Number of protein chains: 2
Amino acid sequence: MPPATGEIAKKLRGAGLRPTRQRLDLAGLLFASGDRHVSAESLHGEAQAARLPVSLATVYNTLNQFTAAGLLREVAIEGNRSYFDTNTSNHFHYFLEDKGQLVDIGSERVEVFGLPALPEGTRIDRIDVIVRLKRG
Amino acid sequence: MPPATGEIAKKLRGAGLRPTRQRLDLAGLLFASGDRHVSAESLHGEAQAARLPVSLATVYNTLNQFTAAGLLREVAIEGNRSYFDTNTSNHFHYFLEDKGQLVDIGSERVEVFGLPALPEGTRIDRIDVIVRLKRG
DNA sequence: TTACATGCAAACTGTTTGCAAATAT
DNA sequence: ATATTTGCAAACAGTTTGCATGTAA
């Protein structure tokens, strides 16, 4: 179920972010439905379509703040655009190359096997897996 | 062993690229030693240091041409910079977050298990695995 | 009332491109 | 001789930032 407005405000506060109108609007779009993948541009477009006035600069700032606060996770896809994922838990992605679209791999059973010893003095922060899919 | 100059010219020709001085110089830097990971900027810097005059635009064009020809592979790391890998075979990467450095995972035993069924009408182009390492 | 957030436009970074001069075939 | 490549500078896309105005606490 979509979180209530009060929930969202609480979430922001918990992350040390003032629940301003813009942040509430963007968080509403981001966290209303299930897991989502957005770029700054796409989220800005959505906000416009929903008559929620936010400047593009604020969308950028907000996405970065949410990411720093652990509310979002950035996904590295080659190319210039940055993608942000509302699912911050450990999971992997399909990338539909023809559409440029990211899709969560909905399985906790996926595992990476056979990693050799890590370089001295390091530990795993996280493992990103992107399965690139072609049409066909 | 580093490929001889003639070998490199042959490699370029085989890829449908004229072996110009600049392309030979850059290929020399790229393919002289083992597997390498470069950005346009870093390769340009290397060329300068080696007194091999090449413009930055040509480095960009060359990296893209080599990639299109299958001589290089692009690696997606978040951030603006593009990285290119001289190892075009199927393999995965460690990414040292503190140094911003890519390292090949030198093992063919690494495998990804448990992928659910692919979306209808798609097939795997390739799988990118990036193991992000923190100091510690 | 005070610190923080927003919006705009300007700045910035990495990358691509148009075009005249240079080079490979 | 002809088509391709190069280098430069200008164009570009995505993103960040400075600063005056607006807003949350």
Side-chain angles (χ1 to χ4, degrees), chain A residues 5-6 8-29 37-48 51-69 71-72 74-84 100 102, chain B residues 5-6 8-29 37-48 51-69 71-72 74-84 100 102:
Chain A
T5 311
I8 296 185
K10 205 174 296 179
K11 190 170 186 166
L12 294 183
R13 249 183 253 278
L17 297 168
R18 284 188 184 176
T20 64
R21 205 215 73 233
Q22 289 85 336
R23 298 212 265 231
L24 286 167
D25 286 348
L26 294 176
L29 292 172
H37 302 90
V38 303
S39 66
E41 193 105 15
S42 77
L43 183 58
H44 184 240
E46 252 185 83
Q48 307 244 264
R51 297 281 144 71
L52 303 169
V54 199
S55 75
L56 184 56
T58 296
V59 173
Y60 274 106
N61 291 335
T62 301
L63 286 172
N64 288 333
Q65 292 157 159
F66 283 12
T67 301
L71 269 35
L72 293 176
E74 196 166 355
V75 183
I77 297 293
E78 100 236 347
N80 12 7
R81 250 183 205 75
S82 297
Y83 283 86
F84 298 85
L102 269 179
Chain B
T5 310
I8 295 186
K10 204 173 294 179
K11 189 170 187 168
L12 294 183
R13 251 183 250 279
L17 297 168
R18 286 188 182 175
T20 64
R21 203 215 75 233
Q22 289 85 336
R23 297 213 267 232
L24 287 167
D25 285 348
L26 293 176
L29 292 173
H37 303 89
V38 304
S39 66
E41 193 106 13
S42 78
L43 183 58
H44 184 240
E46 253 184 82
Q48 305 244 263
R51 298 280 142 73
L52 303 169
V54 198
S55 76
L56 184 56
T58 295
V59 173
Y60 273 106
N61 291 336
T62 301
L63 286 172
N64 288 334
Q65 292 158 157
F66 283 13
T67 302
L71 270 34
L72 292 177
E74 195 167 354
V75 183
I77 297 293
E78 102 236 345
N80 9 8
R81 252 184 204 74
S82 297
Y83 282 86
F84 297 86
L102 270 178

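A quick note: this is a predicted structure, and the numbers were derived from the prediction, not measured. The chains referred to below are lettered A, B, ... by the order of the sequence lines, with proteins before strands, and numbering in each begins at 1.
Between the NE2 atom of B:His44 and the C1' atom of D:dC8 there is a distance of 12 Å, rounded to whole Å. For A:Leu43 and D:dT15, the CG to C1' distance is 15 Å, given to the nearest whole Å. Distance B:Glu74 CD to C:dT15 P: 9 Å, rounded to the nearest Å. In this structure, CG of A:Leu63 is placed 15 Å from C1' of C:dA5, rounded to the nearest angstrom. One can place CD of A:Gln65 at 13 Å from P of C:dC4, the figure rounded to the nearest angstrom. Protein atom CZ of B:Arg13 is 13 Å distant from nucleotide atom C1' of D:dT4, rounded to whole Å. Here the C1' atom of nucleotide C:dG14 and the CG atom of B:Asn61 are 14 Å apart, to the nearest Å. Rounded to whole angstrom, the span from the CD1 atom of A:Ile77 across to the C1' atom of D:dG14 amounts to 16 Å.
When each of A:Arg21, A:Gln22, A:Arg23 is paired with A:Asp25, the side-chain hydrogen bond (donor to acceptor under 3.5 Å, both in side chains) condition holds for A:Arg21 and for no other.
Residues B:Asn64 and B:Phe84 have side chains in contact (heavy-atom distance under 4.5 Å, counting atoms from C-beta outward). Side-chain contact between B:Leu26 and B:Leu52 is absent, with no heavy atoms from C-beta onward closer than 4.5 Å.
Within the 4.0 Å cut-off from OP1 or OP2 of C:dT16, at least one side-chain nitrogen or oxygen of B:Asn64 is found. For C:dT6, neither phosphate oxygen OP1 nor OP2 lies less than 4.0 angstrom from any side-chain nitrogen or oxygen of A:Thr58. Phosphate proximity of D:dG14 to A:Ser39: absent, as no side-chain N or O sits under 4.0 Å from OP1 or OP2. Between C:dT16 and B:Tyr60, no contact under 4.0 Å exists linking OP1 or OP2 to a side-chain N or O.
Within a heavy-atom distance below 4.0 Å of DNA chain C, the residues of residues 15-27 of chain A found are A:Arg18, A:Thr20, A:Gln22, A:Arg23.
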*What do the steps show when you test A:Thr20 against A:Leu12 for side-chain contact (heavy atoms from CB on, under 4.5 Å), and what is the final call?*
CA-CA 9 Å; A:Thr20 64; A:Leu12 294 183; over 6 Å; no
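Between B:Leu63 atom CG and B:Leu43 atom CG the span is 5.5 Å, to the nearest 0.5 Å.
Using a distance-only test at 3.5 Å, with no hydrogens or angles considered, no donor-acceptor pair links the side chain of B:His44 to the main chain of B:Ser55. No side-chain donor-acceptor contact under 3.5 Å links A:Ser42 to the backbone of A:Val38.
Proximity note for B:Leu56 (side chain, C-beta onward) versus C:dT25, C:dT15, C:dG14: the nearest is C:dT15. Closest to the side chain of B:Asn80, out of D:dG14, C:dT13, D:dG7, is C:dT13.
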